[in-house]
There are 4 protein chains.
Amino acid sequence: MPRPIDPTLRRARRLQIIDAGLTAFARHGYAGATTAQICRIAGVGSGTFFHHFPTKNALLVAILELGAEETRDFFASQDQATPPREVLLGYVDHAVADLTDPRAASFITMVGGLTSNADIRAALQADEGTTRSRVRDVVTAAQRQRQIRADMTPDRLTVWIMLLIDGFASRVAGGDFDAGAEAPLLREQVELLLDGPPAPDLTP
Amino acid sequence: MPRPIDPTLRRARRLQIIDAGLTAFARHGYAGATTAQICRIAGVGSGTFFHHFPTKNALLVAILELGAEETRDFFASQDQATPPREVLLGYVDHAVADLTDPRAASFITMVGGLTSNADIRAALQADEGTTRSRVRDVVTAAQRQRQIRADMTPDRLTVWIMLLIDGFASRVAGGDFDAGAEAPLLREQVELLLDGPPAPDLTP
Amino acid sequence: MPRPIDPTLRRARRLQIIDAGLTAFARHGYAGATTAQICRIAGVGSGTFFHHFPTKNALLVAILELGAEETRDFFASQDQATPPREVLLGYVDHAVADLTDPRAASFITMVGGLTSNADIRAALQADEGTTRSRVRDVVTAAQRQRQIRADMTPDRLTVWIMLLIDGFASRVAGGDFDAGAEAPLLREQVELLLDGPPAPDLTP
Amino acid sequence: MPRPIDPTLRRARRLQIIDAGLTAFARHGYAGATTAQICRIAGVGSGTFFHHFPTKNALLVAILELGAEETRDFFASQDQATPPREVLLGYVDHAVADLTDPRAASFITMVGGLTSNADIRAALQADEGTTRSRVRDVVTAAQRQRQIRADMTPDRLTVWIMLLIDGFASRVAGGDFDAGAEAPLLREQVELLLDGPPAPDLTP
DNA sequence: CATGAATGAGGGTTCATTCAT
DNA sequence: TATGAATGAACCCTCATTCAT
């Protein structure tokens, strides 16, 4: 007899473990988090963990991929008619919304420091690459429509937008910051970046 | 037998190990770096390591304290006559200069994700506190002298300055960034922050 | 609900798993082979495996018993009229024929090193005992009929015959040997054993 | 201050662990023996084990290499004047002497069944190769001096000598055999092999 | 003071076995 | 009956730390 196994259940277990991993990684860093902790948080046995993820590494990669997917979804769901500048600011809001979960902030911050392992590095770059290429496309469009400054390459502007978000995440992770309350200032800061410094007053 | 040990030598060994620790922590994260690696990099035996630092923890704390001391030195060496606004921008430059060492960038980024251990957390907060109180004092002075915007509390402005530096560090650590080349834009962005958005054009 | 299960089918499944076990045990040794490997080779799920064998141990025992049964069958099928010496040499040929399957050679070799587990040891001894008692009976008969040397006890001769077969298996397992090509030499060697060294030439 | 560490001590510890490994491997097979058992037998902590051998694999390899070295030593210490035939029989005696230690017999038997791991396989082949090349050289010399049969290639004769020793080991390991008591018969059987079957009696 | 051998708790991972479907 | 998800004991190995030399 074949197996009437509900794939939804499997998916759910996977997400349960992914969520636990997010918590543990955010709390203790990657190397500092133990699979035992993750299992305890997820409420599963160690065997179950490795039934779903071949290694601890793979769990991290899965988390990153989930994040990349979310990013892709965000950009895919944007109305083509929305002005690119609005899309960029919308992305910032979207990112901030994620950072409302302090675990996400810590996770993002700690993930930045991961360089030792090869396949983690690869996954990180893939994740970054996803975001960056999406953002850069919108930046390029916005420049073409003269909605933002044109004196910086799209790539550079993209990196700076991500810089602001990273810095924001870092502060949220540090706990000296309420993501919600500071969101408007982040938006403002991004707009200042997109507009560039005001032209010097040349009135005689 | 007396100990004619040259305290200079001892200090040198200490710094040698501290430097190795910086390298290893930056490369593998705190938990990921092993004392064996650190010893190898420093060129000392494990026994020597534990002669100078009772604990791996203690090494991290020492590195943080060294950083805090540098920060104190920076502010202590400032000419009282320098306008506070200039001091702030000078601090940003100072921070960027540190980040030219990619190890420093990685270290700072990864240190942000450390929350599990009690005495590390304490050392981190002490380090942060040092910087923050120094910066806040200067911010306060600058506001009093109307050199920067006054619509944000000194604390909030301080955090945001540090946010920009953290974001910068994160991007340097990520490798998509040349600290030297991007420094001017960081300065510009800090100035935009300090000035606030330009008043809307009210000319009739 | 009745169980109209075809016992033939069940027997087939059993053999399928037994065959997979032979392969896996030969390839990785008993402890080194995993039930997962065996299941994969047999093309069944782990649940099915444990439906047929309560234990990995039990599978090994079953394989051994199958071998013992084959041995019993061989001797049972011998024509009573055949001279015992011929039966012995026939048994050697029979054993070599089995060893043409390199899995069998590896299996036999590795099984020799199994001493830790109690019920495995018991099964091994039972298997051995079967062969040994059958061979010994024939040896005894051959001695009585003066077809082979009489200066060794039947038991000792039996062990030495098995020694030659074991050594042969070991070399086949090692891969430096083609069972078919070397079979005649094994036969010759057994005959030398059965005859003993030639009487010294006493001719004046 | 440098280290006055006695390298003899290190060597002794190594041998202590090697001996424990021999015991454990012989008793439970390679995969079946646990590093914990080995440590217990050797009377050292697990850390010490891995201080001396990077892996369990490496321990097995070390044991094999020790054996190969012994074999080399045996042949190196042979007087050049000894007739090659005597050297061969001397080697057989030497091998039997080793097999007096039942652990050695079990170890040799179980090692024959190891094929899964790459570097173990390599070490095994190196070990085998050592013995085989030494034996073959002597066989060749003996043939040249017409001390043994010439109707088999040196390689083939070599393999058959090793076959007899392997079979002997297997029976010692099985416990149905006293190595010392059976040694003469092994010698006899080897001689039968070296001489070949007696020429058929052609006297009319 | 410097060294590295020794330690053992703990970490990631494997695997025989159970059981709901 | 057949399946494979779930389990946790046990495994191999790592690593911070201790201590005799």
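FYI, side chains are in, hydrogens and waters are out, and symmetry mates aren't considered; it's all heavy atoms of this structure. Below, read A as the first sequence line, B as the second, and so on, with proteins coming before strands; counting in each chain starts at 1.
Annotation: the span from C:Leu22 atom CG to C:Arg27 atom CZ amounts to 10.5 Å, rounded to 0.5 Å.
Using modelled atom types, one side-chain atom of A:Tyr30 and one backbone atom of A:Asn57 make a donor-acceptor pair closer than 3.5 Å. Put simply, the side chain of C:Thr34 gets close to the backbone of C:Gln37: a donor and an acceptor are under 3.5 Å apart.
Taken together, the paired segments of DNA chain E that extend over three or more consecutive Watson-Crick or G-U pairs, each closer than 3.5 Å at both contacts, are E:2-21 with F:2-21.
Across all their heavy atoms, A:Ala24 and A:Ala33 have their closest contact at O-CB, 3.7 Å.
Between D:Phe53 and the choices D:Val61, D:Ile18, D:Ile38, the side chain to side chain contact (heavy atoms under 4.5 Å, CB included) rule is met once, by D:Ile18. Only one option out of B:Asp127, B:Leu124, B:Ile63, B:Ile120 pairs with B:Val111 in a side chain to side chain contact (heavy atoms under 4.5 Å, CB included); it is B:Leu124.
Between D:Asn57 atom CG and F:dC12 atom P there is a gap of 11 Å when expressed in whole angstrom units. Rounded to whole angstrom, the span from the CG atom of A:Leu9 across to the P atom of F:dG4 amounts to 16 Å. The nearest whole Å value for the distance from the CZ atom in C:Arg10 to the C1' atom in F:dA2 is 11 Å. Separating the CZ atom of D:Phe50 from the P atom of F:dC15 is a distance of 13 Å, rounded to the nearest angstrom. The CG-P distance, from A:Leu59 to E:dG12, rounds to 11 Å in whole Å. What separates CZ of D:Phe53 from P of E:dT7 is a distance of 15 Å, to the nearest Å. Taking atom CZ of A:Phe49 as the reference point, atom P of F:dA6 lies 14 Å away to the nearest angstrom.
Remark on DNA chain E: of its neighbouring residues D:Thr48 and B:Thr48, the 5'-side contact belongs to B:Thr48, judged by nearest-heavy-atom nucleotide. Positionally, the nearest nucleotide of DNA chain F for C:His52 lies more toward the 5' end than for the other of A:His52 and C:His52. Nearest-nucleotide positions on DNA chain E place D:His51 closer to the 5' end than the other of C:Pro54 and D:His51.
Geometrically, B:Lys56 does not engage B:Phe49 in a cation-pi contact, judged by NZ or CZ lying under 6.0 Å from the ring centre and within 45° of the ring axis.
Put simply, B:Thr55 has no side-chain N or O that comes within less than 4.0 Å of OP1 or OP2 on F:dA16.
Within residues 13-47 of chain D, the residues approaching DNA chain E are D:Arg13, D:Val44, D:Gly45, D:Ser46, D:Gly47, by heavy-atom distance under 4.0 Å.
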